[in-house]
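Just below is one structure, and these are the notes that go with it.
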Number of protein chains: 2
Amino acid sequence: MAQDRPRTAAKGSARGTYAVGDARRQKILDTAVEHFALWGFHASSLARIAAACGITQGGLLHHFRSKEDLLLSVLAQSEQHDVERLFAEPPESVAAHFATVVALAEDNERRPGLVRMFHTLVGEAANPGHPAHAYFRQRYARVLDHTVELLQAGVARGELRPGTDCEAAGREILAVMDGLQIQWVLAPASVDMPARLRGFLDRLLRDLSPA
Amino acid sequence: MAQDRPRTAAKGSARGTYAVGDARRQKILDTAVEHFALWGFHASSLARIAAACGITQGGLLHHFRSKEDLLLSVLAQSEQHDVERLFAEPPESVAAHFATVVALAEDNERRPGLVRMFHTLVGEAANPGHPAHAYFRQRYARVLDHTVELLQAGVARGELRPGTDCEAAGREILAVMDGLQIQWVLAPASVDMPARLRGFLDRLLRDLSPA
DNA sequence: GTCTATACTAGGATAGAC
DNA sequence: GTCTATCCTAGTATAGAC
């Protein structure tokens, strides 16, 4: 579990209920992203993460009571970036939502660390005993549900053909996003994620549109 | 590198250049697949793999000179299953090739261990320092090349629309396969991989067919 | 071919000083 | 809040006996 400080309380204002002294805490989180991205959870080492922050392992464990706590804190923070963007505003149309998805892929190209981290962790987390297993199961279920709901709303509005299999389409969309990320992580220069995604989504929308 | 024994020589015949005594070696390989599937490479332990085979770590290292050797041997063996099937016969048509891809997904549903292993390892192997990094880069490049060639042949035969972006289509197909596997590994009961894949490929073929 | 024993390295977590 | 010191566990690989 993440440390229980009144952090989220001071959302909007620059001066909140907590002092700015947690720059160190944030630095640890950022460094952890880099390390988890490169080595995953198991092969990452608290001592190395700490050293990269200029402190010792003992110092790090003052901020996060265990390695697992650090991992879950990292995931909780990173979630906001992705999910808040997709979940925030109910889009006006399916096309608008697809545009958001492409924009997210463009974002991702600019932060390879996060993409690599999720790619690496989702591999490890396939094991039910992995500390992030539950997180990833929930994350996938939630993103899928949300996508399916948006597609169903599109059907209701007449943008999509009646009888569209929204779950199938939603799973396809998630699959293409993830699959392209794999290819991109293995060979970044050779994959244009946003372009491929846009191509796929445009075709999908055309295919699902009423005749 | 894999151990250098004259193994591939005795391909067709039941009695080859080597005795059948390597049942132990095969058992180690099979056990390693299970372990790599659950824990990946780093978190797997030679001692536990050995114990699951009824021998000690020292005994295991008689067959494979290092943990890395074991991993690469496992990958080399598993490759045959997947790739020989896809690469063997040049298909008569794009539709025939797509049917083979769906059949491969059906196979995969029956051997969750291999799917989980590849899923887990491809995550870890994102790190250039990982012993399987080169293997996965090559594997992806080769499968993509092969797919693109088949699609181009389809264009040449007039099955697909002239001007088709075969690389884009090939990457989409790989992405959907991989992405569905992620969803399946996280929640096997809720994903029908072959059905989703067939749906996608049917639509793709329809979209790419000449008007 | 398999065993036991051991050398070596490394990681997570705790305790207590400053 | 950070450090040093320490405990404990675990893993790879080697050497040599049987």
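We name chains A, B, ... by the order of the sequence lines, and we start the count at 1 in each one.
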Item checked: Polar side chain donor-acceptor pair, A:Tyr140 to A:Asp178, under 3.5 angstrom -> yes
Check: Judged by modelled atom types alone, do B:Asp22 and B:Gln26 share a side-chain donor-acceptor pair under 3.5 Å?
Finding: no
Notebook entry, point to check: If we fit an axis to the first five pairs and another to the last five of the helix from C:dG1-D:dC18 to C:dC18-D:dG1, what angle do they make, to the nearest 10°?
Noted result: 0°
Notebook entry, point to check: Taking C-beta and beyond as the side chain, do A:Val191 and A:Leu186 meet within less than 4.5 Å on heavy atoms?
Noted result: no
Please give, in whole Å, the distance from [N] [atom2] to [X] [atom1]?
X	N	atom1	atom2	answer
A:Trp39	C:dA10	CH2	P	13 Å
A:Ile55	D:dT4	CD1	C1'	14 Å
A:His62	C:dT14	NE2	P	15 Å
B:Leu60	C:dC3	CG	P	10 Å
A:His35	C:dG12	NE2	P	12 Å

Note to self: Under the criterion side-chain contact (heavy atoms from CB on, under 4.5 Å), I'd like the reasoning laid out for A:Leu204 against A:Glu172: C-alpha separation, chi angles, the key distance, then a yes or no.
What the structure shows: CA-CA 10 Å; A:Leu204 181 66; A:Glu172 262 184 43; 4.2 Å; yes
Note to self: Check the phosphate of D:dT2 against A:Arg24, side-chain N and O only, distance under 4.0 Å to OP1 or OP2. Yes or no?
What the structure shows: yes
Notebook entry, point to check: According to a strict under-4.0 Å criterion, is B:Thr56 in side-chain N/O contact with OP1 or OP2 of C:dC3?
Noted result: yes
Notebook entry, point to check: Parallel under 30°, tilted from 30 to 60°, perpendicular over 60°: which one fits the rings of A:Phe36 and A:Phe41?
Noted result: tilted
Check: Under 30°, 30 to 60°, or over 60°: which ring-plane class applies to A:Phe200 and B:Phe200, parallel, tilted or perpendicular?
Finding: tilted
Check: Does A:Arg48 count as lying over the ring of A:Trp39, i.e. NZ or CZ under 6.0 Å from the six-ring centre, within 45 degrees of the axis?
Finding: yes
Notebook entry, point to check: For A:Tyr135, which of A:Leu121, A:Leu75, A:Leu71, A:Val122 qualifies under side-chain contact (heavy atoms from CB on, under 4.5 Å)?
Noted result: A:Leu75
For nucleotides 11-15 of chain D, list the nitrogen or oxygen atoms of the protein found under 3.5 Å from its nitrogen or oxygen atoms, one pair per line.
{"residue": "D:dG11", "atom": "OP1", "partner": "B:Arg48", "partner atom": "NH1", "Å": "2.6"}
{"residue": "D:dT12", "atom": "OP1", "partner": "B:Ser44", "partner atom": "O", "Å": "3.3"}
{"residue": "D:dT12", "atom": "OP1", "partner": "B:Lys67", "partner atom": "NZ", "Å": "3.0"}
{"residue": "D:dT12", "atom": "OP2", "partner": "B:Leu46", "partner atom": "N", "Å": "2.9"}
{"residue": "D:dA13", "atom": "OP2", "partner": "B:Lys67", "partner atom": "N", "Å": "3.0"}
{"residue": "D:dA13", "atom": "N7", "partner": "B:Gln57", "partner atom": "NE2", "Å": "3.2"}
{"residue": "D:dA13", "atom": "N6", "partner": "B:Gln57", "partner atom": "NE2", "Å": "3.2"}

